[in-house]
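Report on the following structure.
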Amino acid sequence: MEKTGAEILIQSLVDEGVDTIFGYPGGAVLPIYDVLFKFSGPLRHILVRHEQGAVHMADGYARSTGRPGVVLVTSGPGATNTVTGIATAYMDSVPVVVFTGQVPTALIGNDAFQEADIVGITRPCTKHNYLVKDITELARIVREAFYVARTGRPGPVLVDLPKDVLTAKAEYVRPDKMELPGYQPTYRGHRMQIKKAINLILNSQRPVVYAGGGVISANASVELKSFAKKLNIPVTTTLMGLGGFPGDDPLFMGMLGMHGTYTANMAVTNTDCLIAIGSRFDDRVTGKLDEFAPFAKIIHIDIDPTSISKNVMVDIPIVGDVRSVLKEMLDAIPTGKRLSDYKRGIKGWHRQIKDWMRTHPLNIKQPRRGRIKPQYVVERLYALTGGDAVITTEVGQNQMWAAQFFRFKRPRTFLTSGGLGTMGYGFPAAIGAQVANPDRLVIDIAGDGSIQMNIQEMATAVQYKLPVKVAILNNRFLGMVRQWQELFFNRRYSHSCLGKLPDFVKLAEAYGGVGLRAEKVGDVDRVIKEALKIKDRPVLMDFLVDPKEDVYPMVPAGEPLNKMVLL
Amino acid sequence: MRHTISVLVTNEFGVLARIAGLFSGRGFNIESLCVAETTDPRVSRMTIVTSGDDRIIEQITKQLNKLVNVIKVHDLTGEDYVERELALVKVNTTQENRAEILSIVDIFRAKVVDVGPRHYTIEVTGDEEKIRAITELLRPFGIKEFARTGRIAMARSLRTK
Ligand SMILES: Cc1ncc(C[n+]2csc(CCOP(=O)(O)OP(=O)(O)O)c2C)c(N)n1
């Protein structure tokens, strides 16, 4: 029997195993919404309040589960509203598939009502995108879109759907074979390279693992742990890599980079063998490039060949899936004298690292009286949840404090916009993660600035009874901007003070959620405990924190990693 | 250093924009770009002339390879390959200089493809050096219009010894 394009689309989604669409209707996609109206299959539609929110939700869904998140929006403004979300997912390699409505094919290029060249607009911020010009291509393109989004280095894919394609009719056949001659990711690492890498490590005295988000997208954290344990190598991760290695493991040195720990940054500066795994030498990680890991031979494992030797020249590149490469490396580690000699040789290094950890721990002093320290709030969230939560963040100081003071023990429990640094990401991402994990505790650690960028999604969370928690570290400032102005612009606080803030408690209540406020140190635990009890509505916790607090350590932009400004 | 890169792409809507966007978005330069269908109508060949140090060229080839529409990338530089460009040169003529121009055309094995009362249009094919040489020789007569294709290139087949 023939089906309409809209019916084929929905059937294709079901066949891809999609269970949730985050969407917002409009003229160009009404045929799809009409199918959804009648549809009784295993597919749920979450009505968002802004299309940017839909993409971040799909992103949170994807990061927390590893399965592609799906978005459906209308043409023109609906499509352009998704761009920030798409760019966010692109920078952090998150599999998201975005379906946009488009004006009928005959009108494309005519400046028709609600026409936007979304394929042109998103070309540089999608892994790939498609304009479906004919209904006979639809099933194939949907299939490819999901395949491309989730394989290789994952990323967002956009599919633009002209209205006439949605109403045309054709037979639906799920294509069983895909022909993508130009798309063949390399999964298996090169044998010789792996051998060389193991040799290099066994000859080193001061090895360090520097792991990134690739460990998480490749589901390689178990392998990473075995690898580090077997070779007794201290581990640091990037912001994106947090959770990829247990945060409470004795080998873990914390995050490196601009707001990394003293130990991690010193270790990377002094290592003679840096093993970069699923990471890409971002400038926030390396600091001044010529002085990054100056004594190290570098091994780099990554699925994306373009990441290798892009910023830092590496000695042993290994292109491949991080998990499969680590497995092969594990098998290639010799036993016996060679290994025990190596282990004896790195004892001094471990002593040095212990020493750094002891002399320069990350800690804060919360005075009994006086203002709440934002770091203290994060510490208490960690303590009172036992660390068993999915944490999302906004961008700014809140993000860095979350990264520093929550210890992420498992992968896919820390969702943050690392590459693009998108304020407004955390709250919708938390909603998406909650939709995907209804029984888990999901908390957005937020700033008072960022939370206002997608606060409208409060209505979505209330409508679907999602018990997402938001912890606003309310410092009345665009805190990270204020910090830079303090340190680098001689305290000229130009437009970084949020002069007028809403009453967040009342705001939460107005949406139908719960609002709680902590003004004194003594309130913090009570507010958190109360919030944790609520299971049927979103909760917004407003922590009035010390507005003068800064994030330390800090490596000023362009300085080498060992030039940290400490507290 | 200059590189000539031959790229096979699927012949689809938007491929050229994707490649041009990759170059502009990442700050790589394009000196010339030629594209046309191959004998297989589903596949096009692009010949891109670009420049940069080894690291940039490595990034360019890797980034090209990463595009879903790109089937094969071949950096011809450093190999034995044939490259050709075609130029059309409209040059001013007078009664007196026609013979001289025709002899230049002859030396370069070029062709006069259009004749007007006060101009010749000359077609010349060759590598970059040849095109530059003929252009320089014709310049004193006054070049009215000039169009060239940019380079296309192909690796030479390995000769059996
Ligand atoms: C969409 C967007 N606009 C601007 C910025 C620049 N920016 C980075 S951090 C920051 C301040 C964030 O303030 P707030 O959310 O209150 O967090 P805090 O730093 O105080 O924790 C700004 C404006 C950004 N990252 N994203």
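Per chain, numbering begins at 1; letters A, B, ... match sequence-line order.
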Checklist entry - Taking atom CG of B:Leu22 and atom CZ of A:Arg123, what is their separation to the nearest 0.5 Å? => result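 So the gap between those two atoms works out to 12.0 Å.
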*About how many Å separate CG of B:Asp54 and CE of A:Met313, when rounded to the nearest 0.5 Å?*
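Going from the CE atom of A:Met313 to the CG atom of B:Asp54 covers 8.5 Å.
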Practice task
Evaluate the side-chain proximity of B:Lys62 to A:Lys310: yes if any heavy-atom separation is below 4.5 Å, no if none is.
Solution key: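 The answer is no; the side chains never approach within 4.5 Å.
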- prompt: Taking side chain as C-beta onward, heavy atoms only, is A:Arg153 less than 4.5 Å from B:Lys66?
  reply: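 Contact flag for A:Arg153/B:Lys66 side chains = yes.
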Got a sec: does the [atom1] of [X] have more than 12 other heavy atoms crowding it under 6.0 Å?
X	atom1	result
B:Arg98	CZ	yes
A:Arg174	CZ	yes
A:Arg188	CZ	no
A:His190	NE2	no
A:Asp111	CG	no
B:Gln95	CD	no
A:Glu179	CD	no

Measure [X] against the heavy atoms of chain A and call it side chain, backbone, both or neither at under 4.5 Å.
X	answer
B:Val70	backbone
B:Leu8	neither
B:Glu58	side chain

Check each atom of [X] against the heavy atoms of chain B and say whether the ones under 4.5 Å are side chain, backbone, both or neither.
X	answer
A:Asp304	side chain
A:Pro305	both
A:Asp117	neither

So, the side chain of B:Gln63 versus the backbone of A:Thr306: is there a donor-acceptor pair under 3.5 Å, distance only?
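Not confirmed, B:Gln63 side chain does not pair with A:Thr306 backbone.
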Applying side chain to side chain contact (heavy atoms under 4.5 Å, CB included) to B:Arg18 and A:His128, what does each step give before you reach the verdict?
CA-CA 10 Å; B:Arg18 240 177 251 289; A:His128 196 51; 3.7 Å; yes
